[in-house]
Amino acid sequence: MCGIVGIAGTESVNTRIYDSLTVLQHRGQDAAGIATTEGGRIFLRKENGLVKDVFRTRHMRELAGNLGIGHVRYPTAGTASAHEAQPLYVNSPYGIALGHNGNLTNAAKLKAELFEQDRRHLNTRSDSEVLLNVFAHELAKQNIERLDASHIFNAIAALHQRCDGAYATVAMIPGFGLIAFRGEHGIRPLCYGYRETPEGREFMVASESVAIQASGFTFSADVRPGEAVVFDVRDRVLHTRQVSARAQHSPCLFEFVYLARPDSIMDGISVYKSRLRMGDALARKILKLRPQHKIDVVIPVPDTSRTAALQVAYHLGVKLREGFIKNRYIGRTFIMPGQAVRKKSVRQKLNPISLEFRDKHVLLVDDSIVRGTTCSEIIRMARDAGAETVSFASAAPPVRYPNVYGIDMPAAKELIAHDRTVEEIQDAIGADWLIYQDLEDLVAAARDGNPDITVYEDSVFSGRYVTGDLSDGYLQSLEASRNDATKTHRDAVHLEEDA
């Protein structure tokens, strides 16, 4: 999960890209970067940390130009090293800077091809560098006298033939323009918009529509699966083309559960309304299983679950109360490395209001349960605050399988629902009662917003991977690279290298 943005403006774009990255900060808190271009040069600043910490006034002054791209990252493939922060750059052909959200499932094969056949050198472990070099190689293969949109479309069409997995991508070429394309399944989100100025039309692309609207642009459309869009700054014309004949729209279901901001519209679906519908369905299931429930109060786990919890409380006919105060200066525990760090951060991040718990039968509502660390600590905090009983409801089904498309779901054995029944999970987290959303209800909550989408990428719940069968060897390798012990060792090594 990362956030990407690109702006082709009529005036300097550095501060607008910075502002857009702060809007997308929820998509990645590990690193941030901006690349701009002016006079044929590319100016780049990237580093580990939050947007506000990576960029100082001196950096912004150096990011000159009316064309630029930005990226916020949390690591999936590759490492947390600052060397792998994005945008990434390659000098041939033309000079290309690129930012990528997603994960290539055949990155190892492509790395070998790039070295042995294409004679291209890779300097990081990042699959985003693989994607950049595949694009650069396919563009360089064409006999080009004057670069135009058709050459870009041809290169991206060839890229689709080689790259498997998920990718939403923004790139820029000095003196030419802004480029964006989305993988054939449309798993990771991408959209674009425009703004009219006295000097001409400006164009913007971003992971979520909220970034476009917050920047004063008018939302235009989502980039379709297998589609590429090119904004040529020479004539300020937007070119679009469907470059893949194999496109099948399968957006990520977890975007609607947790990843996206509620004020975004993704693939025609309001994230906010989809979460309201999740709450409706969850309430129906609770009333079906326990029509004579003794719940006194519904308390959301800040922040993502608040929308669903609102509807649960409404249908159950009980009060909705804010029982936890959130420390805004602690990052999302879902993406923190190490079980001990996540456990400690939960206590630092949330503090209970005791009077909302004391002597009450409490229903806690969260968006999902991944490792179980957060909900276990929260249930313990509710009991310490005096709750009579603590039930727990998840707006998503059990997360039983790792994600291979750009979300850093941990190794399968670190998922609390993997190979466990609901009753066993209930005991493991210490709840008096545990209820999960049904997968068909979750799909319906999204589909009601756009009936044209018939398939969703729901692998973390179902184990079905929409891009095709993945080998056991690949999944085993993925698990080995994502377990907490490996990450802790790997990041320690790269901290020494970066020092």
* Do T37 and F176 pass the side-chain contact (heavy atoms from CB on, under 4.5 Å) test, and can you show the C-alpha distance, the side-chain angles, and the key distance before you say yes or no? -> CA-CA 10 Å; T37 178; F176 172 71; over 6 Å; no

* Asked: Could you go step by step and tell me if E47 and H59 meet the side-chain hydrogen bond (donor to acceptor under 3.5 Å, both in side chains) rule?
  -> CA-CA 11 Å; E47 186 57 80; H59 303 130; over 6 Å; no

* Stepwise side-chain contact (heavy atoms from CB on, under 4.5 Å) test for L122 and F115 -> CA-CA 8 Å; L122 299 177; F115 179 75; over 6 Å; no

* To do: Go through E377 and K349 one step at a time and tell me if the salt bridge (Lys or Arg N to Asp or Glu O under 4.0 Å) criterion holds.
  => CA-CA 11 Å; E377 283 299 304; K349 181 178 180 179; over 6 Å; no

* **side-chain hydrogen bond (donor to acceptor under 3.5 Å, both in side chains) between H160 and Y167, worked out** => CA-CA 10 Å; H160 285 319; Y167 43 95; 2.7 Å; yes

* Could you give me the CA-CA distance, side-chain angles and deciding distance for N91 and Y89, then say whether side-chain contact (heavy atoms from CB on, under 4.5 Å) is met? => CA-CA 7 Å; N91 70 346; Y89 165 76; 3.3 Å; yes

* To do: In sequence, state the C-alpha distance, the side-chain angles, and the governing distance for Y456 and F256, and then conclude on side-chain contact (heavy atoms from CB on, under 4.5 Å).
  => CA-CA 11 Å; Y456 285 86; F256 299 95; 4.2 Å; yes

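By the 30° and 60° cut-offs, the orientation of the rings of H418 relative to Y401 is perpendicular. Between F461 and F254, the ring planes lie tilted relative to each other; the angle falls in the 30° to 60° range.
Counting heavy atoms from C-beta on, the side chains of R120 and V134 never come closer than 4.5 Å. At least one side-chain heavy atom of L350 sits less than 4.5 Å from a side-chain heavy atom of K326. Annotation: side chain of R306 is in contact with side chain of E322 (closest heavy-atom distance under 4.5 Å). In this structure, the side chains of L131 and L159 come closer than 4.5 Å at one or more pairs of heavy atoms. Between F219 and I265 there is no side-chain heavy-atom pair separated by less than 4.5 Å. Residues L147 and L139 have side chains in contact (heavy-atom distance under 4.5 Å, counting atoms from C-beta outward). With contacts defined as side-chain heavy-atom distances shorter than 4.5 Å, the pair I69/I4 does not qualify. Two residues are said to be in side-chain contact when any heavy atoms from C-beta on lie closer than 4.5 Å; H185 and P225 fail this criterion.
Between the side chain of R73 and the main chain of E84, a donor-acceptor pair closer than 3.5 Å is present. Between the side chain of T197 and the main chain of E199, a donor-acceptor pair closer than 3.5 Å is present. At distances below 3.5 Å, at least one donor-acceptor pair connects side-chain atoms of N66 with backbone N or O atoms of S12. Side-chain atoms of R400 never come within 3.5 Å of backbone atoms of L415 as a donor-acceptor pair (strictly under, hydrogens ignored). A donor-acceptor pair under 3.5 Å links the side-chain atoms of N103 to the main chain of V404, judged by distance alone. Of the possible polar contacts, none joining the D164 side chain to the T105 backbone as a donor-acceptor pair under 3.5 Å is found. For Q25 (side chain) and G28 (main-chain N/O), a donor-acceptor pair under 3.5 Å exists by modelled atom type. E202 contributes no side-chain N or O that, together with a main-chain N or O of R195, makes up a donor-acceptor pair within less than 3.5 Å. N106 places a side-chain N or O within donor-acceptor distance of the main-chain N or O of R162, the cut-off being under 3.5 Å. Remark: side-chain polar atoms of N133 are not paired, donor with acceptor, to backbone N or O of L114 under 3.5 angstrom.
The 12-atom threshold is exceeded at CZ of R234, counting heavy atoms of other residues, nucleotides or ligands nearer than 6.0 Å. Within 6.0 Å of OH on Y272 lie no more than 12 heavy atoms contributed by other residues, nucleotides or ligands. By the 6.0 Å contact criterion, NZ on K111 is enclosed, its count of non-hydrogen atoms from other residues, nucleotides or ligands being greater than 12. By the 6.0 Å contact criterion, OH on Y474 is enclosed, its count of non-hydrogen atoms from other residues, nucleotides or ligands being greater than 12.
To the nearest 0.5 Å, atom CG of residue L21 and atom CZ of residue R27 are 12.5 Å apart. To the nearest 0.5 Å, the span separating NZ on K109 from CG on L104 amounts to 11.5 Å. Here the straight-line distance linking atom CG of D384 with atom CD1 of I379 works out to 12.0 Å at 0.5 Å rounding. For the atom pair SG (C252) and OH (Y258), the distance works out to 12.5 Å, reported to the nearest 0.5 Å. In this structure, N450 CG and S274 OG are separated by 12.0 Å, a value rounded to the nearest 0.5 Å.
G68 approaches V13 most closely through the heavy-atom pair N-CG2, 3.7 Å. Pairing each heavy atom of D222 with each of C191, the nearest pair is OD1-CB, 3.7 Å. Heavy atoms only, all atoms of each residue included: S305 and V365 are closest at OG-O, 2.9 Å. Shown here for A171 and I96, the closest heavy-atom pair between the two residues is CB-CG2, 4.3 Å. Heavy atoms only, all atoms of each residue included: L98 and Q86 are closest at O-OE1, 3.9 Å. Counting all heavy atoms, side chain and backbone alike, F231 lies closest to A8 at CD2-CB, 3.5 Å.
No hydrogens or angles considered: a donor-acceptor pair under 3.5 Å links the side chains of T467 and Y405. Side-chain contact, H100 with S128: a donor N or O sits under 3.5 Å from an acceptor N or O. Remark: the T124 side chain and the E129 side chain contain an N/O donor-acceptor pair separated by less than 3.5 Å.
Checked options E457, E255, E208; the residue passing with R188 is E255 (criterion: salt bridge (Lys or Arg N to Asp or Glu O under 4.0 Å)).
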